[in-house]
Amino acid sequence: MEKIAIFPGSFDPFTVGHESIVRRATRLFDKIIIMIGHNTSKKSFFPLEKREKWINQIFADDENISVQTFEGLTVDFCKKVGAQYILRGLRTSADFEFERAIAQINKQMYPEIETVFLLTIPEHTPVNSTIVRDIILHGGDASRFLPKSLNMEEFKVSR
Ligand code: ADP
């Protein structure tokens with residue numbers, strides 16, 4: 001059976017930390033679907049269409065990695081696309097505590113699902129979307145935290 005994993009997140013924006021986790025996971029799964037979770041009542045920094053476009057651009061050369069947007073429970077998305085795995089990245093023990101609760105609840109709601117964690121590479125431990133957003137908002141250079149295939153000009157004018 002084909003091994004399908006979803007990588008859920010808000011990706012506001014998608015960083016080098018996210019990219020690294022997805023690329024490393026291609027050795028474990030046949031297909032990875034990046035799920036941009038959204039909530040119509042919550043405002044994001046970057047529009048959903050841009051976040052989706054950027055992820056498509058980053059993985060344009062890999063037909064086994066795709067992106068979809070979804071509003072709802074992660075386990076419902078897993079059922080919809082036939083995924084057996086949820087992929088998540090771990091940076092710190094704080095991430096672990098947060099992720100543990102989500103993974104255990106998801107397992108209760110959908111026993112067939114397994115959450116697989118990859119530890120971040122050390123240089124990506126401090127990278128998070130909130131800090132990257134702040135740098136961009138204040139006109140700083142966030143390029144080292146964003147995937148190389150993206151056009152940095154778009155981040156200067158994307159608000
Ligand atoms: P969420 O809104 O669910 O926290 P994020 O977009 O912030 O979504 O992150 C999605 C996933 O990527 C989470 O598992 C998160 O722990 C992981 N992640 C975020 N930044 C990094 C990083 N620098 N290195 C490794 N994993 C990361």
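In listed order, ligands and their atoms are each counted from 1.
- Looking only at side-chain heavy atoms (C-beta outward), Ile36 and Leu48 come within less than 4.5 Å of each other.
- A 4.5 Å side-chain heavy-atom check between Leu137 and Phe45 finds at least one atom pair inside the cut-off.
- A distance-only check finds a donor-acceptor pair linking the side chain of Gln84 to the backbone of Ile4 [under 3.5 Å].
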With a 3.5 Å cut-off and sequence neighbours excluded, list the donor-acceptor pairs that the side chains of residues 75-82 form with protein atoms.
none

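- Within 4.0 Å of ligand 1, counting heavy atoms only, the contacting residues are Phe7, Pro8, Gly9, Ser10, Phe11, Gly17, His18, Ile21, Arg88, Gly89, Arg91, Asp95, Glu99, Thr120, His124, Val127.
- Screening residues 121-134 for salt bridge (charged side-chain N to carboxylate O under 4.0 Å, His left out) gives Asp12-Arg133 as the qualifying pairs, with residues at least two apart or on separate chains.
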May I have the list of side-chain donor-acceptor pairs in residues 96-107 shorter than 3.5 Å, sequence neighbours left out?
unit_1, atom_1, unit_2, atom_2, d
Glu97, OE1, Arg100, NE, 3.2
Glu97, OE1, Arg100, NH2, 2.8
Glu99, OE1, Arg88, NE, 2.8
Glu99, OE2, Arg88, NE, 3.2
Glu99, OE2, Arg88, NH2, 2.8
Arg100, NH1, Gln104, OE1, 3.2
Asn106, ND2, Ile102, O, 3.4
Lys107, NZ, Pro111, O, 2.8
Lys107, NZ, Ile113, O, 3.1
Lys107, NZ, Glu114, OE2, 2.9

